[in-house]
Number of protein chains: 4
Amino acid sequence: MTSLSPARRPHDKAARRADILAAALEVFAANGFANARLDDVARAAGVAKGTLYLYFADKQALFEGLIKENLAPIPDVASGMLSAFEGSTSELIRALVALLLARIQTPQARQVMQLMISEGHRFPDLAAFHYREVVTPGLGVVRAIVARGVARGEIRRAPQAEALTRHPQALFAPFLTAVVWNMTFDKVAPLDEAAFAEDYIALLLGGLNGGETS
Amino acid sequence: MTSLSPARRPHDKAARRADILAAALEVFAANGFANARLDDVARAAGVAKGTLYLYFADKQALFEGLIKENLAPIPDVASGMLSAFEGSTSELIRALVALLLARIQTPQARQVMQLMISEGHRFPDLAAFHYREVVTPGLGVVRAIVARGVARGEIRRAPQAEALTRHPQALFAPFLTAVVWNMTFDKVAPLDEAAFAEDYIALLLGGLNGGETS
Amino acid sequence: MTSLSPARRPHDKAARRADILAAALEVFAANGFANARLDDVARAAGVAKGTLYLYFADKQALFEGLIKENLAPIPDVASGMLSAFEGSTSELIRALVALLLARIQTPQARQVMQLMISEGHRFPDLAAFHYREVVTPGLGVVRAIVARGVARGEIRRAPQAEALTRHPQALFAPFLTAVVWNMTFDKVAPLDEAAFAEDYIALLLGGLNGGETS
Amino acid sequence: MTSLSPARRPHDKAARRADILAAALEVFAANGFANARLDDVARAAGVAKGTLYLYFADKQALFEGLIKENLAPIPDVASGMLSAFEGSTSELIRALVALLLARIQTPQARQVMQLMISEGHRFPDLAAFHYREVVTPGLGVVRAIVARGVARGEIRRAPQAEALTRHPQALFAPFLTAVVWNMTFDKVAPLDEAAFAEDYIALLLGGLNGGETS
DNA sequence: TATGAATGAGAATTCATTCAT
DNA sequence: CATGAATGAATTCTCATTCAT
């Protein structure tokens, strides 16, 4: 009832685990959670089906492990950048935008985002984790930027400063939008994310009508 | 032995079809495409499972029918509004925003959006349809508003006008963001969509730093 | 993805259910719960694997249904016999013994007993059901026989009457023993159940040393 | 780099084997053969899974080893007792009953009995072994007791003497019954084994109707 | 000897789809 | 047109057994 197989590298456990996660990311991203076959994950990882279960309790644990393992870094980098930054608010915002842009253009990070967007709501624990580890710090970074800008006298419009402080989501909206767009309309009408981000920032900073809000 | 279910009589084919689509929307929205059971759709629609196949070729056709049937109206309304509108650009933008807000707060429309967001990429035909029927006209509406605003002298900042013309998506971004947010973080930290839209408009119209973009 | 199959008799649902239960009894009796394959049950019942799940929620429900459906009759028959009986206590006991003997020699009933013996302890609900529906009434029948025998002056030894009233199990013990024996030592040294029952009755009624218990 | 697990040193092979068997008894008794996991056996024995295979060829060999190793003693003790005994037949029977009672109340011996009862029939070799090593001598002991009782004039009823000689199983029946009962109805209605044995012996020795068998 | 990671055959369960009535 | 019982391919998860170290 068993092995005729060739043997296996000294491949330590961590590397094996990483192989599995990488394979799982590909397969889940390509098919979604429900349509992903663990068989395919195993094949892609170069292990037997049963081996997956040595590293993850079940399909869901694999999926959640995958997301969690790939999610953390962003806000750390952002807040690191923030504390060291010496330039103007505009430059700081642009730097953050560049960071986010790089992020959504990294295949792996992008796949994770797509999975969070399309599957996250079916995994409440994952959503809570994501909110706590990524979203909350992310919002904090934006609020810190606004506070810094106001303090330095570079953000002069109080209503807008307050609006962005209340809803830092506004700054992330275009990135989310770009990801959803290209996930969906890739073939029909791909969106140039960098150009979109650029235009979006111009709008956010300058405003459509130069200050009069009504 | 006359009919034992007279209640079913008035149901003509179209009504039956509508029942099925309504049931399908609920079930697909609650579970996603892959996890939705046609059994549940049939039960919710009050028909037998086999009956579904008299109206739709298969599960996918039902899903696509569902989306298509529920998608159309928006841009029509928007462009209707546009041609009749007499107020200022700000007012017009606010009117459009109110329209979009109402839209994402209509349960049925919201469910369709969520399905498009999370499943759309797995149905290229659907994506193409959506792009053609909804997205393109939607972008057109925004471009028309910008053109009208510039023509009326209400939009005075050329770079921003051009940015929004190039990427009308900027105006839809917060609504998409709000939907994704509440789809995912509903339980953790629900987002007040109206307040978010309000703040977003303030930023879009006024700009963070009153015009200086750098 | 589907049927090329020949079609199926008007076979009403009850008959189909009975087919499945009969097949399941064979397969479970032959292999035990854990080793029984539902594939085999389906094949033996002449249905597809999925069909089993139209009648029973899962493997355990099938097993429990099987036991419950085959268990009831015994004590009913016995107490029926009891109320109508006109002969002596010895004759009544012999009649009961004959009944039990017939019971354990009915293949189907025997299989159920064997399953209860070897698997019952892993299904507490089943054990409770069995105890309530079969064992309790069975013990009652024996107690009634003893009471009747004492009342008629046919059972004259009070200590023994009390012993059997306290532990009516004593009357069932040899039948249980016979079943376990033949289930286990069938091939090595089969036990003639009728002869064993006969000898047992002689011991029970007459006693080894004619009454002196010490 | 000397040994890091000196605690294991004194453990010679026999002790290790005994550890495994003890662990296996627990695990098999708790779950039955099919549901027992060798993983659990290994953990309980404090060895690695592969180690089991250094001591036993496979799962079945472990199970059989387990039974065989735990089965032998009983009849030896009984026949030892028999040859030395000086009291009356009643006393001798009571002594045997006490022995059997002690036996079924020893956790380890009880577990083995339960395993033999519920799994034995699936292991013909084991059944044959058990029959040869335990059952046959056990029956012999009872026959010897009867012969001795007749010879000493303490068993005066020939038909009963012959019945018990033909079917010494009658004397073991209550113990088997008690084990099966408590294995199954433990939670619902536990049986006091000592009291049951007592009453059973009273019946066996005295008879229900003091000698008249019909 | 001992280890325990890896294997993969095997079994339960699900559900879209068909079709006889 | 409508029904819903039946089908069986597909997929997850388990665990005895092996073998490189």
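Below, read A as the first sequence line, B as the second, and so on, with proteins coming before strands; counting in each chain starts at 1. FYI, side chains are in, hydrogens and waters are out, and symmetry mates aren't considered; it's all heavy atoms of this structure. Small disclaimer: the values here were computed from a predicted structure and weren't measured.
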Could you state the interatomic distance from CD (B:Gln60) to CD (B:Glu64), rounded to the nearest 0.5 Å? 4.5 Å

Of D:Gly50 and C:Asp39, the one whose closest DNA chain E nucleotide lies more 5': D:Gly50

Which listed nucleotide (F:dT12, E:dT13, E:dT18) is nearest to the side chain of C:Tyr53? E:dT13

Counting only non-hydrogen atoms, which of residues 55-65 of chain B are less than 4.0 Å from DNA chain F? B:Tyr55

Starting from the 5' end of DNA chain F, give me the residue, B:Ala48 or C:Ala48, whose nearest nucleotide shows up first. B:Ala48

Between B:Leu71 and B:His130, is any pair of side-chain heavy atoms under 4.5 Å apart? yes

Could you check whether B:Leu54 gets within reach of a base, just the sugar-phosphate, or nothing at all, counting any heavy atom under 4.0 Å? base

Pair assignment for DNA chain E - dot-bracket with | for other-strand partners, Watson-Crick or G-U under 3.5 Å: .||||||||||||||||||||

With rounding to the nearest 0.5 angstrom, report the CG to CE distance, A:Asn70 to A:Met116. 12.5 Å

Is the base of E:dT7 touched by the side chain of A:Lys49 through a donor-acceptor pair closer than 3.5 angstrom? no

Ring pair (Phe, Tyr, Trp, His ring centres under 6.0 Å) contacts touching residues 30-71 of chain D (sequence neighbours left out): D:Phe28-D:Phe33, D:Phe28-D:Phe63, D:Phe33-D:Phe63, D:Phe33-D:Phe123, D:Phe63-D:Phe123

Within this structure, what is the CG-to-C1' distance between D:Asp40 and E:dG4, rounded to whole angstrom? 15 Å

Backbone of C:Ala128 reached by a side-chain donor or acceptor of D:Lys187 within 3.5 Å: no

Determine whether B:Arg16 and B:Asp19 satisfy the following criterion, salt bridge (charged side-chain N to carboxylate O under 4.0 Å, His left out), listing intermediate values before the conclusion. CA-CA 5 Å; B:Arg16 177 71 53 107; B:Asp19 286 352; 5.1 Å; no

With sequence neighbours left out, write down each residue that passes side chain to side chain contact (heavy atoms under 4.5 Å, CB included) with C:Asp39, or none if nothing qualifies. C:Arg37, C:Lys49

List in numerical order all residues of residues 22-37 of chain B for which some heavy atom is under 4.0 Å away from an atom belonging to DNA chain F. none

In this structure, CG of D:Leu38 is separated from CZ of D:Arg43 (nearest 0.5 Å) by 11.5 Å

CD1-CG distance between A:Ile67 and A:Leu21, expressed to the nearest 0.5 angstrom: 10.5 Å

Nucleotide nearest D:Leu38 when distance is taken to its side chain, options E:dT7, F:dA6, F:dT17: F:dT17

F:dA5 P sits how many Å from C:Leu52 CG, rounded? 15 Å

Counting only side-chain nitrogens and oxygens, does D:Arg16 get under 4.0 Å of the OP1 or OP2 atom of E:dT1? no

Could you pull out all residues at least two apart from C:Arg110 that satisfy side-chain hydrogen bond (donor to acceptor under 3.5 Å, both in side chains)? C:Glu193

Taking atom CD1 of A:Ile20 and atom CG of A:Leu66, what is their separation to the nearest 0.5 Å? 12.0 Å

Nearest whole angstrom, please: distance from the P of F:dG4 to the CG of C:Asp12. 17 Å

